[in-house]
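Here is how names work: the chains are called A, B, and so on, in the same order as the sequence lines, proteins then strands, and each is numbered from 1. The figures here come from the full heavy-atom set of this structure, side chains too, leaving out hydrogens, waters and symmetry mates.
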2 protein chains.
Amino acid sequence: MQFNTRTPVYLQVVDYFKKKMALGKLKAGDEMPSRRELANDLKINPNTVQKAFKEMEDQQLITTERNRPSRVTTDGTVLAQIRSEIVDDAVAVFVEAIQELDVSVDELVDKIKRQYKEGTYDDRSVGS
Amino acid sequence: MQFNTRTPVYLQVVDYFKKKMALGKLKAGDEMPSRRELANDLKINPNTVQKAFKEMEDQQLITTERNRPSRVTTDGTVLAQIRSEIVDDAVAVFVEAIQELDVSVDELVDKIKRQYKEGTYDDRSVGS
DNA sequence: CTAACTGTATTATTAGCGTAATACACTAAG
DNA sequence: CTTAGTGTATTACGCTAATAATACAGTTAG
């Protein structure tokens with residue numbers, strides 16, 4: 001995992017886990033990695049991880065019983081909203097950036113498709 | 001003009017002018033506002049404006065002869081690239097945020113159109 | 001039981017960046 | 001010439017995030 005400098009690392013960690021939940025790679029009730037272990041893996045300070053986990057708790061994405069590894073929430077409604085939150089936020093930022101520039105839908109779709117292809121990801125959803 | 005807290009103000013000022021140039025509201029050779037005047041209008045510190053102008057000079061968007069108001073570059077190739085830079089950057093950020101989430105083109109276009117409509121802007125390009 | 005692991009809390013320090021205050025040099029209009 | 005306006009440079013301040021070092025409390029595997 002690589003971080004960009006502009007966004008706080010702890011928020012990037014939050015987003016990282018949000019994506020995992022949205023993708024189903026982390027399911028309701030799954031155990032989260034230990035804070036110390038994750039900090040070691042990501043080569044960041046345990047306190048930064050702690051802040052990220054605190055943030056996720058505040059957002060009710062995870063729950064923690066005392067002195068037990070945190071777990072992904074079992075609240076289905078919360079989990080169900082994660083994906084749309086990510087997408088909606090991204091759309092809002094995107095439109096904010098290009099609005100007024102008179103970009104055609106065709107141009108947008110074309111560029112987005114192109115950008116997808118630069119990754120090595122499955123593009124069946126956007127690719128056709 | 002309103003600023004968000006996360007992005008540095010001076011970069012938001014740069015983007016503001018980039019958009020103006022991309023839209024043709026600022027044309028090649030046009031005089032830029034005075035740094036102090038602009039700072040006063042935007043209610044920000046003159047040094048913040050100075051930093052923004054310095055950034056625009058580094059990007060060759062404007063040129064300045066000593067003790068004269070800055071002017072929009074007359075370099076056509078630079079001006080021609082501004083719009084595509086803005087759009088491409090926005091697309092890159094956007095795709096980065098939602099890739100792997102398996103979002104269909106239809107869903108994206110639908111959401112983008114919706115978002116456009118929340119503004120009071122002319123949506124003839126994306127609206128149909 | 002004990003040892004090693006959980007999460008949590010507190011405090012301090014550091015580094016970087018954005019912002020601010022001020023002074024300087026030059027130009028141009030009156 | 002003088003004054004008010006340019007852009008420029010230097011220095012310092014303040015905030016935030018990240019790190020760091022500890023300490024504490026509880027659980028669990030051996």
Side-chain angles (χ1 to χ4, degrees), chain A residues 1-18 20-21 26 28-75, chain B residues 1-18 20-21 26 28-75 78 93:
Chain A
M1 181 176 186
Q2 55 187 0
F3 303 101
N4 73 67
T5 50
R6 186 131 281 159
T7 323
V9 171
Y10 81 98
L11 288 180
Q12 296 183 54
V13 172
V14 171
D15 287 344
Y16 170 75
F17 280 102
K18 269 190 169 176
K20 277 201 164 185
M21 294 175 193
L26 275 176
D30 279 358
E31 238 182 37
M32 296 281 288
S34 136
R35 287 149 167 79
R36 288 176 177 83
E37 177 192 355
L38 182 63
N40 198 52
D41 288 352
L42 299 182
K43 314 292 182 199
I44 59 179
N45 194 279
N47 296 298
T48 305
V49 175
Q50 166 62 11
K51 192 163 186 180
F53 275 49
K54 180 70 166 55
E55 177 68 24
M56 286 191 274
E57 284 201 351
D58 290 348
Q59 294 186 27
Q60 312 204 327
L61 301 173
I62 62 175
T63 57
T64 313
E65 299 165 25
R66 48 183 170 155
N67 307 311
R68 299 263 11 200
S70 301
R71 289 183 174 279
V72 177
T73 181
T74 53
D75 185 334
Chain B
M1 179 175 188
Q2 57 189 0
F3 303 101
N4 72 68
T5 51
R6 185 131 284 158
T7 322
V9 171
Y10 82 96
L11 288 180
Q12 297 182 55
V13 173
V14 171
D15 287 345
Y16 170 75
F17 279 102
K18 270 190 170 179
K20 276 201 164 184
M21 294 175 193
L26 275 176
D30 279 359
E31 236 183 38
M32 297 282 287
S34 135
R35 286 149 168 80
R36 287 175 178 83
E37 177 193 355
L38 181 63
N40 198 53
D41 289 351
L42 300 181
K43 313 293 183 199
I44 60 180
N45 193 281
N47 295 296
T48 304
V49 175
Q50 164 63 11
K51 194 163 188 178
F53 275 49
K54 180 70 166 56
E55 176 68 25
M56 287 191 273
E57 285 200 350
D58 290 348
Q59 294 185 28
Q60 312 206 325
L61 301 173
I62 62 175
T63 57
T64 313
E65 297 164 27
R66 48 183 172 154
N67 308 313
R68 299 265 7 186
S70 301
R71 289 182 174 279
V72 177
T73 180
T74 52
D75 184 335
V78 170
V93 170

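Atom pair A:Arg6:CZ and D:dA17:P shows a separation of 14 Å (rounding to whole Å applied). Going from atom CG of B:Leu38 over to atom C1' of D:dG5 covers 16 Å, rounded to whole Å. Rounded to an integer number of Å, the gap from CG of B:Leu11 to P of C:dC17 is 12 Å. Counting to the nearest Å, the C1' atom of D:dT6 and the CG atom of B:Asn40 are 15 Å from each other. If you measure from atom NZ of B:Lys43 to atom P of C:dA20, you get 14 Å, rounded to the nearest angstrom. Spacing between atom CG of B:Leu42 and atom P of C:dG18 amounts to 17 Å, rounded to whole angstrom units. Following rounding to the nearest Å, A:Lys54 (NZ) and D:dA17 (P) show an atom-to-atom distance of 14 Å. Rounded to an integer number of Å, the gap from CE of A:Met56 to P of C:dT8 is 11 Å.
The closest side-chain heavy-atom distance from B:Leu11 to A:Arg6 is below 4.5 Å. With a 4.5 Å cut-off on side-chain heavy atoms, B:Ile62 and B:Phe17 do not count as touching.
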Using the side chain to side chain contact (heavy atoms under 4.5 Å, CB included) rule, take B:Val13 and B:Phe3 through it: C-alpha gap first, then chi angles, then the decisive distance, then the call. CA-CA 9 Å; B:Val13 173; B:Phe3 303 101; 4.1 Å; yes
Are A:Phe53 and A:Thr64 close enough, and set up right, to give a side chain to side chain contact (heavy atoms under 4.5 Å, CB included), and what steps lead you there? CA-CA 10 Å; A:Phe53 275 49; A:Thr64 313; over 6 Å; no
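For A:Asn47 against D:dA20, a side-chain-to-base donor-acceptor contact under 3.5 Å is present.
The side chain of B:Arg66 places an N or O atom within less than 4.0 Å of a non-bridging phosphate oxygen (OP1 or OP2) of C:dT27. Phosphate contact (OP1/OP2 of C:dT8, side-chain N/O of A:Arg35, threshold under 4.0 Å): present. Using a 4.0 Å cut-off, some side-chain N or O of A:Ser34 falls inside it from OP1 or OP2 of C:dG7. Close to C:dT8, at under 4.0 Å from its OP1 or OP2, lies a side-chain N or O of A:Gln50. Remark: B:Lys51 is not in phosphate contact with C:dT19, judged by side-chain N or O atoms under 4.0 Å from OP1 or OP2. Between A:Thr64 and C:dG7, a side-chain N or O to OP1/OP2 separation shorter than 4.0 Å is absent.
Each of A:Arg68 and A:Ile44 lies near DNA chain D, and the nucleotide nearest A:Ile44 is the one positioned closer to the 5' end. Of the two residues contacting DNA chain D, namely A:Pro8 and B:Pro69, the nearest-nucleotide position lying further toward the 5' end is that of B:Pro69.
Side-chain proximity of B:Asn67 to the nucleotides C:dT19, C:dT27, D:dG26 is greatest for C:dT27. With distances taken from any side-chain atom of B:Asn45 to the nucleotides C:dA20, C:dC24, C:dT6, the minimum falls on C:dA20.
For the residue pair B:Thr48/B:Asn45, the side-chain donor-acceptor check at 3.5 Å is not satisfied.
Among the protein residues, B:Tyr10 comes within range of the sugar-phosphate backbone only, with heavy atoms under 4.0 Å from sugar or phosphate atoms but none that close to a base.
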